[in-house]
Each structure stands twice: as C-alpha cells, then as structure tokens.
Amino acid sequence: MFQSLEALPPDAIIGIMSLYRQDNDPRKVDLSVGVYQDDSGKTPVLDCVRIAEQQILEEQSTKSYVGIAGNAGFNKSMESMLFGVNHPTLRAGRISSIQTPGGSGGLCVAGHTIVRAKPEARVWLSDPSWPNHMPLLKLSGLNLEQYPYYDYDKHCINFDAMINAFNTLRSDDIVLLHGCCHNPCGADLSKEQWNLLADLFEERGIVPFIDIAYQGLANGLEEDAYGVRLMAERLDEVVVVTSCSKNLGLYRERVGMTSLVSKDVERAKIAQSNLGNVARGIYSMPPDHGAAVAGRVLSDGELNKLWLKELGTMRTRINSLRQLFVEKAEGRNAPRDFSFISEEKGMFSFLGLSRKQVVKLREEFHVYMVETSRINVAGINQSNVDYVVDSIVAVL
Ligand SMILES: Cc1ncc(COP(=O)(O)O)c(C=O)c1O
C-alpha cells in the first residue's frame with residue numbers, strides 16, 4: 001500500500017539545524033532557528049507561564065475533554081487582546097472564535113472552513129511568505145496564488161506591485177496578510193498602507209485573511225493589532241488566525257485561535273457552528289494545557305502585568321539587536337547599507353546575501369542561516385554579534 005510513497009528531503013531549516021549540531025567549532029552561531037532566544041541563547045519559559053502552570057496543576061480536578069471550541073475564558077481574553085475590548089464588531093457579536101492547536105492548527109481550521117464555504121475560492125499569499133503557508137493551506141484543499149510583496153533589491157514592500165495585483169482580483173478572493181512581524185522578510189505594512197488596503201478590499205469585495213503570529217513583538221500589543229482591528233471594523237468578513245507560540249513562548253503547548261468576522265450575528269452563529277464542526281472532523285478536541293495557561297495569564301491582573309513586562313523585554317531585545325547589528329556593520333564600513341534591518345520588525349529579516357555567500361558563511365565562518373539569507377535576529381547576542389558582523393563583512 002505505502003510502496004508508492006517516496007522519501008522526501010528534510011525540511012530546509014531542519015537540514016541546516018542538523019549541520020549546525022554536527023559542527024564542533026566553538027565560534028558557531030545559529031541564525032536559522034525559528035524561535036525567540038534570550039542573550040544566553042535559550043528559549044525561556046516565561047515567569048508568568050511558570051506561575052500560571054503551577055496554579056493550574058494544583059487546581060485541576062479532571063482531564064476530561066474541553067469543549068470543541070476550547071477554553072471559553074481563553075477565547076474571550078484572546079478576542080479582547082486581538083480586537084480590543086470595545087471593538088464595535090466584537091460588541092456587536094459578529095466575531096466567532098475557536099481555540100486551535102497552535103497558529104498552524106488555526107490556519108488549517110480556517111483553510112477547511114473557507115473550502116467548505118466556497119470550494120472555488122482563491123487564497124493569495126505574499127511572495128515571500130512563511131514557507132509552511134503554502135503546503136499547510138494546500139492540504140486543506142485551497143486554491144493558492146501569490147501576490148508580489150517584498151522588493152529584495154530595495155529591501156522594502158513593493159506596495160505598487162501589490163496594489164496592481166489586488167486590482168485584478170475578483171470579489172470573494174481572499175488575501176492572506178501578515179498582521180505584524182512578517183515572516184520571513186520583517187517588512188510590515190504601515191498604517192497608511194493598511195488603510196489603503198481596507199479601502200481597496202471594501203471596494204472590490206476582497207476578504208482579508210490575517211495571520212498574526214507575533215502580536216506584541218513588533219511595536220506593542222495594541223499597535224501590532226492595527227490591521228486586524230481596522231479590517232474587522234471596515235469589512236463584513238475577515239478571517240484572523242493568531243498564535244501564542246511566540247508572544248507567550250508556548251511553542252510546544254500548541255495554542256492559537258481562529259476567528260471569523262461575519263456580516264451579522266446570525267451569520268456569526270452559523271460560522272461558530274462550522275468552525276466547531278470543521279475542528280471536530282480534523283482533531284476532534286483541542287489540547288487543554290496551553291490555552292489554560294494563556295487564558296490565566298491574560299485574565300489575571302498580576303500575571304498579566306508580569307507578562308506585559310516579559311513581552312516588552314523580548315520586543316526591546318529584538319529591536320535593539322536590529323539597531324546594534326546596523327551600528328556594528330556601519331562601524332566596520334560594510335560595503336552594503338544594512339539600515340533596513342533596524343526598520344524591519346519581528347525576529348526575521350533577509351540579509352540580501354547570495355546563496356554562495358550564505359554557504360561560505362556556514363562552511364568557513366560557522367555562521368548558519370537559511371539559504372535565502374533569512375536570519376533570526378534573536379540568534380544574535382552580545383557575545384557573538386562582533387563575530388557575526390565580521391563574518392558577514394568578510395563574505396561581502
Ligand atoms: C507567520 C506564521 N504563522 C503561523 C505560524 C505557526 O505558529 P505555531 O503553529 O507554532 O503556533 C508561524 C510560526 O512560525 C508563523 O511564522
């Protein structure tokens with residue numbers, strides 16, 4: 001039966017990670033990983049998470065299933081964080097949400113729900129986008145297309161090309177946008193660009209599908225939700241998928257949420273029942289622990305205060321590393337202007353190196369990054385920054 005299956009090459013990033021592990025050079029640096037790291041290179045368990053976990057373990061009296069939609073308190077707190085407590089669309093009861101296994105599970109539920117509602121729908125992904133968007137959404141049966149997003153030469157969004165592409169779309173076409181901290185390029189839409197997109201989507205009947213996996217890691221929790229809140233206020237229908245992997249460091253606990261904005265309350269009830277039914281058909285019930293922790297951190301005053309502080313530390317660290325990298329490169333008279341790095345947001349940016357330079361960095365300098373020269377800025381720290389910048393300047 002399974003004889004027809006063929007062996008597949010390992011995921012590109014996993015391949016690089018294993019080369020890194022095999023490298024015994026003490027100077028080695030890994031800028032390929034997709035998770036936040038602190039200055040000592042660790043991906044920490046946040047203090048707010050540890051405290052919430054202890055409380056939950058002491059209080060928990062059953063391991064029976066949580067409902068299909070997950071933890072109601074978690075969903076409510078997440079909706080408030082994402083849309084804002086007083087968002088008119090939330091207050092009007094037009095938003096339906098379901099707890100999902102991570103942002104990836106959320107994308108899967110959203111994908112299947114879109115296919116159920118409109119099998120011929122086309123979903124447009126940014127070029128480039130998170131590498132897993134394409135295979136993950138394809139598995140749910142969606143028709144996928146790409147729109148131009150990043151200008152690799154100018155190191156910024158090619159907004160004119162994007163608008164030109166959107167001007168050819170049909171009503172009910174769906175456009176996947178990154179809410180903030182674009183992965184992999186770090187170039188985010190400005191408020192003005194979000195406003196222009198809202199006008200255009202409204203005019204053409206385009207449905208935004210916003211993947212916001214890094215809320216709080218660009219400019220702040222409120223600021224980073226600008227696009228989500230704007231679209232949910234302006235348009236009849238919006239799809240939003242969020243994740244607690246990065247901003248709460250709950251990666252392995254698999255917790256996220258899918259929300260659908262509907263035209264009215266009646267449709268929102270129908271949407272809610274379909275989200276649940278789709279999830280039931282994929283994994284039946286969501287895992288409990290991550291959402292119980294996130295729900296507690298978001299709703300408990302003291303824990304929330306602690307989380308905001310820890311989230312602020314992660315955000316400030318990423319933004320100051322970006323700044324530091326640019327200063328160090330300027331200080332060494334790098335033959336390339338890297339100032340765009342300090343303007344981009346989140347953990348990822350393209351350095352703009354050729355594949356040959358990336359391989360040279362890996363083989364001669366033991367500095368590892370994805371072949372597209374996408375780096376995880378959080379992999380830089382005080383003890384390796386000089387070596388990283390020197391190595392990059394050397395291959396240039
Ligand atoms: C843009 C984007 N969306 C979604 C995800 C999925 O996150 P998770 O499934 O780990 O919550 C990621 C993870 O890297 C991401 O970068």
_Summary of ring-ring contact (aromatic ring centres under 6.0 Å, His included) pairs that have at least one residue in residues 305-324, sequence neighbours excluded_ = none

*Side chain of R254, backbone of G102: donor and acceptor closer than 3.5 Å?*
no

*asked:* Looking at S80 and V85, would you say the former's side chain and the latter's main chain have a donor-acceptor pair under 3.5 Å?
replied: no

Atom pairs and distances, side-chain donor-acceptor, residues 278-288, under 3.5 Å, sequence neighbours left out:
from	atom 1	to	atom 2	distance (Å)
R280	NH1	S284	OG	2.4
D288	OD2	Q60	NE2	3.1

*R374 side chain vs S32 backbone, donor-acceptor pair below 3.5 Å*: yes

_Test item: Q99 side-chain N/O and A291 main-chain N/O as donor-acceptor pair under 3.5 Å_ = no

*Contact list for residues 238-248, test salt bridge (charged side-chain N to carboxylate O under 4.0 Å, His left out), sequence neighbours left out*: none

*Establish, from distance only, whether the side-chain atoms of S243 and S245 form a donor-acceptor pair under 3.5 Å.*
yes

*Parallel under 30°, tilted from 30 to 60°, perpendicular over 60°: which one fits the rings of Y152 and F350?*
tilted

*Carboxylate-amine/guanidinium contact R317 D38, below 4.0 Å*: no

*Using only heavy-atom distances, determine whether the side chains of H178 and S129 contain a donor-acceptor pair under 3.5 Å.*
yes

*Do the side chain of T242 and the main chain of I212 share a donor and acceptor less than 3.5 angstrom apart?*
yes

*Residues in ring pair (Phe, Tyr, Trp, His ring centres under 6.0 Å) with H155, at least two apart?*
F340

*asked:* Does either side chain, that of R315 or that of N219, offer a donor lying less than 3.5 Å from an acceptor on the other one?
replied: no

*Backbone N/O of I380 and side chain of N384: donor-acceptor pair under 3.5 Å*: no

*Check whether the side chains of S354 and Q357 place a donor and an acceptor atom closer than 3.5 Å, and report yes or no.*
yes

*Derivation and outcome, salt bridge (charged side-chain N to carboxylate O under 4.0 Å, His left out), residues D264 and R94*: CA-CA 5 Å; D264 52 44; R94 286 176 44 212; over 6 Å; no

*Determine, step by step, whether Q37 and T43 satisfy the side chain to side chain donor-acceptor pair (under 3.5 Å) criterion, reporting the C-alpha distance in whole Å, the side-chain angles of both residues, the deciding distance to 0.1 Å, and the verdict.*
CA-CA 5 Å; Q37 294 181 325; T43 303; 4.8 Å; no

*asked:* For F159, run the side-chain contact (heavy atoms from CB on, under 4.5 Å) check against L197, N164, D151 and tell me which one passes.
replied: L197

*Is the backbone of M369 close enough, under 3.5 Å, to the side chain of S373 for a donor and an acceptor to pair up by distance?*
no

*If only atom types and distance count, is the side chain of N247 paired as donor or acceptor with the main-chain N or O of Y214 below 3.5 Å?*
no

*Which pairs count as ring-ring contact (aromatic ring centres under 6.0 Å, His included) when at least one residue sits in residues 354-396, sequence neighbours excluded?*
Y20-Y368

_Matching residue for E371 among K360, R362, K356 - test: salt bridge (Lys or Arg N to Asp or Glu O under 4.0 Å)_ = R362

_Looking only at side-chain N and O atoms, does R267 offer a donor or acceptor that is under 3.5 Å from a partner on S96?_
no

*side chain to side chain contact (heavy atoms under 4.5 Å, CB included) partners for A225, two or more places apart*: Q215, R229

*asked:* With no hydrogens and no angle check, just 3.5 Å: does a side-chain donor-acceptor pair link H289 and E53?
replied: yes

